[in-house]
Every structure is written in structure tokens, then in C-alpha cells.
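In this text, all values refer to a predicted model and were calculated from it rather than measured experimentally. For ligands, and for the atoms within them, numbers begin at 1 and follow the listed sequence. The chain is numbered in sequence order, starting from 1.
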Amino acid sequence: MKRYSCDIFCRVVDNYGDIGVCWRLARQLANEFGLAVRLWVDDLKSLSMLCPEADAALDVQRCRGVEVRLWGGEFPKVNPSDLVIETFSCMLPEPYIAQMDTSHVWINLEYLSAEDWVEGCHKLPSPRPPLTRHFFFPGFTKKTGGLILESGLFAKRDAFLRRGLENFWNELKMEVPLEGTLRVSLFSYENAALFDLFDAWAKGSQKILCLVPEGRILPQVRRYIAEYGDATGNLQVAVLPFFEQEKYDELLWACDINFVRGEDSFVRAQWAGKPFVWQIYPQQDGVHWVKLEAFLDRYCGRLTVDGAEAMRKFWEAWNGNGHSMVHAWSEFLSARAELERCAMAWADELSENNLALNLLDYFQEIGTMRAFK
Ligand code: TRH
């Protein structure tokens, strides 16, 4: 049987989301589905944060079953792959396009959104004669491309939790948290609501251990620690190094509530099956609010009126609608049992719609239409 090849093109706009999605998909297509995957990325430093064995000084290298190529300077003469994945409309290099013909399947993988219009745009063709580019939208319904989910992830998660967390804390050189401590991971952008939230946690009746992987929120966290110490009232804050991508899942699994952001960590928190709080990537003119509310509408539809209100209020406050975190947090915490049940059911349901499988089916579908062998 022919081994298909795949080129994935990634431009790092900012942060880790673009490369986070591309790296995850590249590994999955190579290691689970046996494609010969070449990942073109314009910023190897970002990749090396997610995969420390990637050498930012090497233009060509193999990592975890994927050929990684620096996308910069003059584009080399290469044969295009059977499947060409442009991500987030990053614009394929012209010399590469010039080598393509109609036997190559060109897919543009788009950003994730829970908005209704996504279903209508998923799989839309966009002609670029003589070629055609096809839009592929991840999403939360059967009429979208679904979400990236590695095979066996839930079994891995459940086995990790069954083994107990002692090793996990040891590896982090941390003491096992006291019984009854609420473990919270915090991955977010700068956030004006942080001090308010930390105050609520410090003064609350629940012991909280807040784990902060290095990132954009860190200067604020450090300011708080400088002012109040890393243990104040019922709050203890611990700053952790940035995890490699696969290890980051373990942090999400080990915590009771996860604060996530952007796109990929947002999805991983859903696979963790735990209550989570999303700080959406802020866009100009506040358009991100529409995206945030679209997700909340989908998710909260499964909750009781009180549960839905608690989740919505807390998420909105965390995303900066100006409301106090204190009240919102206490309601969110009260709804925790219900949010836990919903998170697990949501993960199970969403896992039925696997992005890589859908993408490969679509690749075959287009290929067959063109008598592609
Ligand atoms: O980094 P993000 O904010 O990414 C993005 C980008 O800003 C992008 O341009 C924008 O369009 C998009 O959001 C919506 O958040 P995201 O998507 O969660 O990506 C973070 C990646 O980093 C994800 O793959 C998880 C990974 N990660 C680790 O590997 N280790 C860690 O310790 C942490 C905290 C994250």
C-alpha cells in the first residue's frame, strides 16, 4: 500500500497555539497513521519549547517521527506531498505552489470556533486555478472537522490517575498537596482579574494550590508573590517550568480545575475531563466575545440553570467583563460537582469526532474524486 506523504505549513503568529496545533497533528499523522510528515515552521524556538529535543539551530531534522524543516529564506526545491496542509491561512510559499498540480490535495486547516457559521464553511472549496484549496474547520459538532485527539489518550489519562499522583509531585520536586487541597493549573495571558482572584482564593475557606507554568501571566504572579508571599491565607502559589507538550497533559489531569487559553490548551483541558476556565485569545473590536459566548452557549446547555450561570459568570469575569471575581468564584466553586460530571460527559461525547480521522477521510474523498491513487 502506498505510504502517503504530508506537508504541514506553520507560521508562528505569536505564543504557542499555532505550532502547538501543528506539532500535535504532525506527530499524530506520522505516528498513528503512518504518513511521511514534513513540518515546515518559521520559528523553531517555539517548537523547541514544546519539544525540547528539537534543535532551534537545525534547518532540517527528525523529531518524534516527523521531519522538521525551517521555513525561512529562499524556499528549497522539493516535491510537494500528496496531502498539503496549510494551517490558519498561513500562505504557502509560491515556489511550492508552482510545483503543485491537481493530484495534490490542498487543505487549509482553520482556527477552532464554536460559532454556528463554522458548519456551513467546513469543506468549502476555494479555487486557485488550476488548483483548489479546501477549508477544513475544527469544531464541536458532527458537521465540523472535530478536534485533535490522539488514540488512547483517555486510557493514558485514566491509568495516570489510577497510579496516583505521588510520582508526578516528586518529579516536580513538590510535596504531595494536603488532603482536601484544590489543585488549580493556571495558564493564561496577562489578566487584570488575577489579583482579585488570588485575593478570593487567599481569603476563601478552601485550601488552594495554584500551579503556574512559566508564561505571560508570570510577571503578575511574581508581583503578587513579592507583595503577599507565595503562601497567603488559604492560597499557595507555585511557579513551574514550561512543560513539554505531552507532559502538559499530566498537569491538566493532576489538577481539579484548569485555567487554559488560546486554542490547543483549551482543547486539552476538555480532554482532561475536569472543570476548566478559558481565557480566549483577545481580538480587536472585542470579536472574541462572540466566540466565547458561542462556546458557552453550547457547553452550558447541558448544565442546570444555576450551574450554567456560575460557569458563564466566572468565565466572563476572567475574560475581563469587569465583574468581581470574588462572588463569581464562590458560585463557580459551589457548582464544582456538576461541572465535573459535565466535563467528563462532554469529553466522551466530543471524542466521537476525531479531527485527524476526518481530515484523512476528506483527503481520500477529494483524492478519489480526482481519481487519485
Ligand atoms: O499559546 P496560545 O495562547 O496560542 C494561541 C496563539 O496565540 C495563536 O496565535 C492564536 O491564534 C491561538 O492561541 C488562538 O495558547 P494555546 O493554543 O493553548 O497553545 C499553547 C500550547 O502550549 C499548547 O500546545 C499547550 C502547550 N503547552 C505546553 O506544551 N507546555 C506548557 O507548560 C503549557 C502551559 C502549554
Under 4.0 Å between heavy atoms, the region of Y189 that gets near ligand 1 turns out to be side chain

Looking only at protein heavy atoms, which one is nearest to atom 32 (O) of ligand 1, and what is the separation? F243 N, 2.8 Å

Less than 4.0 angstrom from a charged side-chain N to a carboxylate O is my criterion; do E119 and K142 meet it? no

Which bit of Y111 is near ligand 1, meaning a heavy atom under 4.0 Å away: side chain, backbone, both or neither? side chain

Note: R223-E227 ion pair, threshold 4.0 Å (strictly below): no

Is the contact between F187 and ligand 1 made by the side chain, the backbone, both, or neither, using heavy atoms and a 4.0 Å cut-off? side chain

of all protein heavy atoms, closest to atom 9 (O) of ligand 1 is D14 OD1, 2.7 Å

Out of L50, V21, D264, who gets a non-hydrogen atom closest to atom 22 (O) of ligand 1? L50

Check each of N15, V267, D249, D18 against atom 8 (C) of ligand 1 and report the one with the nearest heavy atom. D18

Restricting to non-hydrogen atoms, name the atom on A317 and the atom on S324 that form the minimum distance, rounded to 0.1 Å. CB-O, 4.5 Å

Are the aromatic ring centres of F266 and F295 under 6.0 angstrom apart? yes

If the contact criterion is a heavy-atom separation under 4.0 Å, does F88 count as touching ligand 1? no

To which of F242, W278, Y16 does the heavy atom nearest atom 27 (N) of ligand 1 belong? F242

Honestly, for P213 the part within reach of ligand 1 (heavy atoms, under 4.0 Å) is side chain

